[in-house]
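Every chain is numbered from 1 and lettered A, B, ... according to where its sequence line falls, protein lines coming before strand lines. Only a predicted model underlies this, so the values are computations on that prediction, with no experimental measurement involved.
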There are 2 protein chains.
Amino acid sequence: MARETLNREQIVRAAIELLDAEGIDGLSMRKLGQKLGSAATAMYWHVGNKENLLVLAADEVWSEVRLPDVPAVGWRTAARELMYAARELCDRHRWLVRVITTYVGYSDGMARFQECAYETFETAGFRDADLDWAVSTPFMFVTGLAFMTSTEAAEVKERASRNPAAQSEEEAAVVAQAQAIAAKYPRLAASGEAQARRGESFSEQVDEVFAFGVRTILDGLEARLGARSDSV
Amino acid sequence: MARETLNREQIVRAAIELLDAEGIDGLSMRKLGQKLGSAATAMYWHVGNKENLLVLAADEVWSEVRLPDVPAVGWRTAARELMYAARELCDRHRWLVRVITTYVGYSDGMARFQECAYETFETAGFRDADLDWAVSTPFMFVTGLAFMTSTEAAEVKERASRNPAAQSEEEAAVVAQAQAIAAKYPRLAASGEAQARRGESFSEQVDEVFAFGVRTILDGLEARLGARSDSV
DNA sequence: ACCTGAACACCGTTCAAGT
DNA sequence: ACCTGAACACCGTTCAAGT
């Protein structure tokens, strides 16, 4: 079954598969060409260049997000759901944070999500510049956390916490060195020991940080709201 | 005045200069060799490989941070100062966030900073796992914001907001397209118009988001503290 | 102990030439 | 309108060979 001709959607889908499977460094125009049975340079006719291809891929995956019904669930639940949805999306597509922060790709998929965030915090009672800031704050947090869990470093830490046997010698050495440094600082040492006693994997710890951070930020936003209405 | 021999510090310093001047993609082993008057491959003897060089550079710049005197200023001021210090560091060295999130480089410079963060939130009253989470939350926010302002995308947005004349045609087209998308969503459109009326540059807006986020997170942490002591 | 040069296996992108 | 192949200007890294 021969394919008549390449098209943009097909290329974007293949790129997403490659990105999900091999990470952001796993995508090269040559590999993509191979996957599609074409010359690497054939892509350029359809997507312009690699940067644009990444932006198109990012837009595509944003459509996976289910948005909350803000009036029905209320702002606090809606905000929490948006934060969790963004985090899960970044977790499923570990290349996504890098792409959306690196390139100016304001796509429909992201705009739709952001519009819902604006609706959420408008419902909460934020207006004007406050509204912009209230929307941004939770997503800076999500971006930061997504970043820390989207890199090779996170995979190394996960392996170290879950089954040290799967580590390469080199990896184990890096982890051991990190522990040696922490050991010199009393509070870091104590925290490290306590963490070891709790026996959680790296990703479990990250999940808890996320849950804590979401509550903290929502509480903080409520406090801002209170401060506002007091001063009015 | 001939240099006797290369050494690690010298290479790291040159790398930092190159990184600061040209960004993370501006550093290549060949350019670095040229800057130092050596073969690119001479670096490998001193620093092992590029990843390690980046980790060494990151460690080096952490020493620039001045830490607050926690007992003297109190936890809330200390926490704010730590957040601002981290942000300024990431602003001076726009490659830093990428390096510390990408590689497992737990260096002395970072450990020292983190120890102070632990002291700060311990002083606030956080203990055990709560303490770990309280330390992490503000820095996920800082990381996320630093990221959004450390990329080429941020420079494009800055130019667009400050003097559109400095934009290339291609850049202007991307910005115009982003605005066209936002225009389709009522709240995004309204926010964009209000922002235009306020006439702030991108970096001014980011500064305000940061200030808002810091207050919000500190308020949120205070709320957590209150919840704890209620339940005890 | 420290450095060089050639070499290898990659990149993204351009562009003339083909159909 | 769509695709190919060669070519260009880059990468990081290895390694034998030099001093």
Asks: I'd like to know if R92(A) pairs up with E64(A) as an ion pair, taking the criterion as any Lys NZ or Arg NE/NH1/NH2 lying under 4.0 Å from an Asp or Glu carboxylate oxygen.
Replies: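 A salt bridge links R92(A) with E64(A).
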Asks: Separation of M29(B) atom CE from dC8(C) atom C1', in whole Å?
Replies: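 It is 17 Å, rounded to the nearest whole Å.
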Asks: Taking A165(B)'s backbone N and O only, do any of them form a donor-acceptor pair with N163(B)'s side chain (distance below 3.5 Å, no angle check)?
Replies: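 Between the backbone of A165(B) and the side chain of N163(B) there is no qualifying donor-acceptor contact (under 3.5 Å).
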Asks: Can R198(B) and D132(A) be counted as an ion pair, charged N to O under 4.0 angstrom?
Replies: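 Yes, charged N to carboxylate O under 4.0 Å.
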Asks: Just the atom pairs and distances: protein N or O near nucleotides 4-7 of chain D's N or O, under 3.5 Å.
Replies:
residue	atom	partner	partner atom	Å
dT4(D)	OP2	A39(A)	N	2.7
dG5(D)	O6	T41(A)	OG1	3.0

Asks: Take the protein atom CG of N52(A) and the nucleotide atom C1' of dT13(C), then report the distance between them rounded to whole Å.
Replies: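 Answer to the nearest Å: 14 Å.
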Asks: Looking at R112(A) and D59(A), is any side-chain nitrogen of the basic one under 4.0 Å from a carboxylate oxygen of the acidic one?
Replies: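 Not counted as a salt bridge, because no side-chain N and carboxylate O are separated by less than 4.0 Å.
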Asks: Side chains of P138(B) and F121(B): does their closest heavy-atom pair fall under 4.5 Å?
Replies: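 They are in contact (side-chain heavy atoms under 4.5 Å apart), so the answer is yes.
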Asks: So, for Q167(A) and A160(A), which heavy atoms are closest and what is the spacing to 0.1 Å?
Replies: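 Closest heavy-atom pair between Q167(A) and A160(A): OE1-CB, 3.5 Å.
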Asks: Please confirm whether F210(A) and Y84(A) have ring centers closer than 6.0 angstrom.
Replies: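 Distance test on ring centres: under 6.0 Å, yes.
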Asks: Counting only side-chain N and O atoms of H46(A), is one of them less than 4.0 Å from OP1 or OP2 of dC3(D)?
Replies: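 Checking dC3(D) against H46(A), a side-chain N or O does come within under 4.0 Å of OP1 or OP2.
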Asks: Salt-bridged, E115(A) to K184(B), with N to O below 4.0 Å?
Replies: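 Answer for the salt bridge query: no.
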Asks: By nearest atom, which of the nucleotides dC3(D), dC11(D), dT13(D) is closest to the N49(B) side chain?
Replies: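 Of dC3(D), dC11(D), dT13(D), dT13(D) is nearest to the side chain of N49(B).
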Asks: CG of L27(B) versus P of dC10(D): gap in Å, rounded?
Replies: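 Computing the L27(B):CG to dC10(D):P distance gives 16 Å.
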Asks: Can the ring centroids of F113(B) and F139(B) be said to lie less than 6.0 angstrom from one another?
Replies: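 They qualify: ring centres under 6.0 Å apart.
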Asks: Rounding to a whole Å, what distance do you find between E51(B):CD and dG12(D):P?
Replies: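 So the two atoms are 13 Å apart, to the nearest Å.
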Asks: Whole angstrom is fine here: how far is it from OH in Y44(A) over to P in dT14(C)?
Replies: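 Checked: the OH to P distance equals 7 Å.
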Asks: Could you give the CD-to-P distance, from Q34(A) to dC10(C), as a whole number of Å?
Replies: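 The answer, rounded to whole Å, is 10 Å.
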Asks: Stem finding on DNA chain D, please: runs of three or more consecutive Watson-Crick or G-U wobble pairs, both distances under 3.5 Å, sorted by first number.
Replies: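 Detected stem regions: C:4-8 with D:12-16, C:12-16 with D:4-8.
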Asks: Rounded to whole Å, please give me the gap between CG in D25(A) and P in dG12(D).
Replies: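 It works out to 13 Å between those atoms.
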Asks: Nearest whole Å is fine: how far is dG12(D) C1' from M43(B) CE?
Replies: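 Going from M43(B) (CE) to dG12(D) (C1'), I get 13 Å.
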